[in-house]
There are 2 protein chains.
Amino acid sequence: MDIPQRKERKESATTSSRVFDAMRQDLVNGRFAAGEKVAINGLKEQYRVGLSPLREALNRLAAYGLLVQENQRGFRVPRLDRRELDDIAGMRRELEGMALERAILNGDAEWESELLAAAHRLKRADLSLDKVDEWERLHGRFHRTLVAPCGSVWLLRFIDQLHDQFDRYRRMAPGVPAVRRILDAQHGELVELALERDVKAARALLEDHIERSYEVALGSCK
Amino acid sequence: MDIPQRKERKESATTSSRVFDAMRQDLVNGRFAAGEKVAINGLKEQYRVGLSPLREALNRLAAYGLLVQENQRGFRVPRLDRRELDDIAGMRRELEGMALERAILNGDAEWESELLAAAHRLKRADLSLDKVDEWERLHGRFHRTLVAPCGSVWLLRFIDQLHDQFDRYRRMAPGVPAVRRILDAQHGELVELALERDVKAARALLEDHIERSYEVALGSCK
DNA sequence: TTCGATCTCAAAATCGATTTATTCATACCA
DNA sequence: TGGTATGAATAAATCGATTTTGAGATCGAA
C-alpha cells in the first residue's frame, strides 16, 4: 500500500511552493507571534525570495487557513482563541475517529507494517530530545499513517488541515512531561488496537488521546 | 442571530479577490472544461486583469481545491472522477448530517425565521427558470442557513468547500426534472422537521436529499 | 478641546518586462 | 527502427519598478 505523505512531487519545486512549505512549518511551529501582522518586506529578506513568489505563497497559506488575509491590509497570523481551539479539537475527535474506524476496516497487511514502522520511528526519536522538529515530523507522520487507509481523500485533507491548526496551539503551549509520557504510551496502544482490529476501543483511545493533547494545548490560550 | 454568508467585507475588494470570486463561481458552474489546462494568458484577457492578481487568485483556488497546481506546469481544472464524487457525496452526508443535528439543538428563534425566509426565497425563485444562477445562489444559501448554527466554524468551512466541489459535478450533469421536483419538496420538509426539532428524522431526510442529488450528479461522470 | 478634513508616508497591490523551464519537433547515431 | 540528444517555440515563474491604498499626523474651524 502507498501511504501518501505531504508532498508527492518534490521534483522541480517552484520558489513559491518552497516558501509555502517553509512558512507552513514556521507557522505551525509557532515561530510567528499570534495576531502579528505579517511584514511582507521583512519576509522577503527572511526567506531570500522576491515579492511575487512570496505573495503567492501567502495567498495559499491564507486559503489554507494559516494566515488571515485582509483586503488592502495585507496578511496577519491568526490569534490564538480558546473557542477556536475547542472547535479544532472537537472536529479532530469527530473526523479522526471516523477515519480510524474506516482505516481499521480497510487497512491491509502493508498498512500494518507501515504503522508499526511509523510507531517505532516515533518512539526512537523522542529519546533524543534535542531534535524537536524531527520528532514533530515523525509524530505527524504516525497520525497520518494511522488513518491513511480510510478511503476518503477529502477526509484526509481535512484532518491534515486540522492537525496543522491544532499543532499551532500545542506548540505554543508549555510542555507537560507527565502527560507527554501518557500520550507517547498511547501511540503504542493505538497500534496494538488497530492490529487487533478493535474498532470501538481504538476509536475511544484516539478520542482520549486527542482530549489529553487538547488539555495540553489549552496552555497556549491561558 | 447572524447567519454569516460567503463574504463579510466586500468593501474595498482587491483585484485578486474579485478574480478569485469570479473564477470560483465559473469553476463551480462548469464554465471550464474538466481536465482542461488553464491558459493564464487567456484568462488575463477574459477577466481583464494583470498577471500578478490573476496568479494570486489561481494560487488561492488551488489551495481551496478548485484547481490543481503542477509545479512549473501551471494550473489545470480537476477531472470529473466517479470515485471522487462518491467521496465528496459521502463526506457531505457525514458532515452535513452532523452539522444539522447540532444546528437543530442550538438554533434559536432567529434561525427559524432565517430558515423560513431562505426556503421561501428558494421556492419562489425556481418558478422563474430563466435565472439559473440566481436559483443556485439561493439554493446554496438555503443549505448554509440550515446548518449555520452548528457551532463549528471549521465544520461550516469544510461543508462549504464540499458544496462547491459537489456542485461542480451536479452542474455538469444533465437535469432530471422528476428528481428535481422531489428535491425541491424536500427543502420544505427539511424546514418543517427542523422547526419541530426532530433531529433524527431531519438528519435522515438530509442524507436522503444528498443521496438523490448524488444520483443526479452521477450523470456528469461518463 | 474636539471633530473633521487634508496631507504625508509606509505598505500593499499591481504592472510590464525578463528569466527560466517545459514541450514538441527535428536531427543524429547505434 | 528506436532511442536519445539538440534546439526553437511556448508558457510559467520571477523580478524590479510603479501605482494605489490605508494609517497616522497635522492643521483648522466650531
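Worth saying up front: this structure is predicted, and the values here are computed from it rather than measured. Residue numbering restarts at 1 for every chain, and letters A, B, ... go by the order of the sequence lines.
- Checked against C/dA21, D/dA17, D/dT14, the side chain of B/Q72 finds its nearest nucleotide in C/dA21.
- B/F75 places its CZ atom 9 Å from the C1' atom of D/dA12, with the value rounded to the nearest Å.
- Relative ring orientation between B/F20 and B/Y64 is described as perpendicular, the plane-to-plane angle rising above 60° on a 0-90° scale split at 30° and 60°.
- OP1 or OP2 of C/dT14 has at least one side-chain nitrogen or oxygen of B/T14 nearer than 4.0 Å.
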Secondary structure of DNA chain C per the Watson-Crick/G-U criterion (both distances under 3.5 Å; [ ] crossing, | other strand, . unpaired) is ||||||||||||||||||||||||||||||
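- Within the structure, every side-chain polar atom (N or O) of B/R73 is placed at least 4.0 Å from both OP1 and OP2 of C/dA21.
- Rounded to whole Å, atom P of C/dA11 lies 13 Å from atom CG of A/L43.
- Dashed line: the shortest gap from a side-chain N or O of B/T15 to OP1 or OP2 of C/dA13 is not under 4.0 Å.
- The backbone N or O of B/A217 sits nowhere less than 3.5 Å from a side-chain atom of B/R170 that would complete a donor-acceptor pair.
- Following rounding to the nearest Å, A/E70 (CD) and D/dT21 (P) show an atom-to-atom distance of 18 Å.
- Nucleic acid contact class of A/K37 (heavy atoms, under 4.0 Å, all strands): sugar-phosphate only.
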| task | Would you sort out whether A/W154 and B/Q161 count as a side-chain hydrogen bond (donor to acceptor under 3.5 Å, both in side chains), showing the intermediate values? | result | CA-CA 10 Å; A/W154 281 95; B/Q161 211 170 340; over 6 Å; no
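- Distance, A/N59 CG to C/dA13 P: 8 Å, rounded to whole Å.
- Distance NZ (A/K44) to P (D/dC15): 10 Å, rounded to an integer number of Å.
- If you check every strand for non-hydrogen atoms under 4.0 Å, B/V19 touches nothing.
- In this structure, B/N41 atom CG and D/dA13 atom P are separated by 12 Å, rounded to whole Å.
- Atoms CZ (A/R55) and P (D/dA13) sit 17 Å apart, rounded to a whole Å.
- In this structure, the separation between CG on A/D26 and CZ on A/F32 is 5.5 Å, given to the nearest 0.5 Å.
- With B/R76 as reference, B/E70 is the one residue of B/E36, B/E70, B/Q69 to meet the side-chain hydrogen bond (donor to acceptor under 3.5 Å, both in side chains) rule.
- Taking atom CZ of residue A/R76 and atom C1' of nucleotide D/dA23, one finds them 13 Å apart after rounding to whole Å.
- Of the inter-residue distances, the one linking B/L58 atom CG with B/F75 atom CZ reads 5.0 Å to the nearest 0.5 angstrom.
- Residue A/S52 is in base contact, counting any heavy-atom pair closer than 4.0 Å across all strands shown.
- No option in A/R144, A/H143, A/R92, A/R168 other than A/R92 meets the side-chain hydrogen bond (donor to acceptor under 3.5 Å, both in side chains) test with A/H163.
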